[in-house]
Amino acid sequence: MLALRDAGYTPVVIDNLSTGFRWATPDDTPFYEADIADDAALDRIIDAHGIGAIMHFAGSIIVPESVSDPLKYYFNNTVKSRALLEAAVRRGSGTSFSRRRLPSTASRR
Ligand SMILES: NC(=O)c1ccc[n+]([C@@H]2O[C@H](COP(=O)([O-])OP(=O)(O)OC[C@H]3O[C@@H](n4cnc5c(N)ncnc54)[C@H](O)[C@@H]3O)[C@@H](O)[C@H]2O)c1
């Protein structure tokens with residue numbers, strides 16, 4: 001977000017603050033406390049700011065919890081990401097996802 005600001009963009013932040021902090025976003029950056037699966041909020045925010053690209057970093061990241069409660073992680077990281085993608089498609093915005101370096105199953109075939 002700070003790099004985008006430095007590059008002259010006006011980022012808009014959406015976070016449900018489930019693990020994040022409001023103070024992490026500068027006061028002069030538009031911030032919405034909303035869930036990425038909240039269709040109505042997403043449509044409203046995308047339209048209000050004329051958003052043309054979405055960078056997706058929202059998710060649950062605690063590895064031990066993902067093992068003890070995998071369905072919670074599937075829901076937040078997979079099902080809700082699909083809802084965000086759907087909103088992007090519905091409103092005509094592009095979406096990019098954060099990536100970790102993971103061994104590729106495709107490369108082992
Ligand atoms: N931290 C790293 O070094 C790193 C490296 C590569 C990829 N990633 C990936 O980037 C993503 C974010 O990682 P992070 O370290 O910034 O995690 P983080 O926990 O610091 O940030 C995730 C944010 O997403 C928010 N959030 C969670 N679920 C949400 C939802 N349903 N709707 C709206 N907001 C939601 C949380 O409140 C939190 O602020 C993850 O997918 C992670 O795998 C992180």
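Atoms within a ligand are numbered from 1 in the order they appear, just like the ligands themselves.
When only interatomic distances are considered, the shortest N/O to N/O separation between Phe21 and ligand 1 does not fall below 3.5 Å. At under 3.5 Å, a nitrogen or oxygen of Asp15, whether backbone or side chain, sits near a nitrogen or oxygen of ligand 1.
Under 4.0 Å from ligand 1, not a single heavy atom of Ala24 appears.
Atom CG of Asp6 has more than 12 heavy atoms from other residues, nucleotides or ligands within 6.0 Å.
Here is the list of ligand 1 atoms found below 4.0 Å of a heavy atom in Lys80: 31 (N). Ligand 1 places these atoms under 4.0 Å from at least one heavy atom of Leu17: 37 (O). Residue contact check: Thr19 has heavy atoms under 4.0 Å from atoms 19 (O), 36 (C), 37 (O), 38 (C) of ligand 1. Per-residue contacts place Gly20 under 4.0 angstrom from the following atoms of ligand 1 (heavy atoms of the residue considered): 36 (C), 37 (O), 38 (C), 39 (O).
Residue Tyr74 holds its OH atom at 10.5 Å from OG of Ser81, rounded to the nearest 0.5 Å.
Looking at Ile51 and Ile45, their side chains come closer than 4.5 Å, going by heavy atoms from C-beta outward.
In this view, Asp15 satisfies the salt bridge (charged side-chain N to carboxylate O under 4.0 Å, His left out) rule with no residue, not counting sequence neighbours.
With distances taken over non-hydrogen atoms, the option nearest atom 13 (O) of ligand 1 out of Ile14, Val79, Ile61, Asn77 is Ile61.
Using a 4.0 Å heavy-atom cutoff, Ser18 is listed among the residues neighbouring ligand 1. Taking 4.0 Å as the cut-off, Ala37 does not count as a neighbour of ligand 1 on heavy-atom distance.
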Given side-chain contact (heavy atoms from CB on, under 4.5 Å), test Asp39 with Arg90 step by step and report yes or no. CA-CA 10 Å; Asp39 291 344; Arg90 194 168 54 241; 3.8 Å; yes
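Counting only residues at least two apart or on different chains, the ring pair (Phe, Tyr, Trp, His ring centres under 6.0 Å) pairs with a member in residues 14-37 are Phe21-Trp23, Tyr32-His49.
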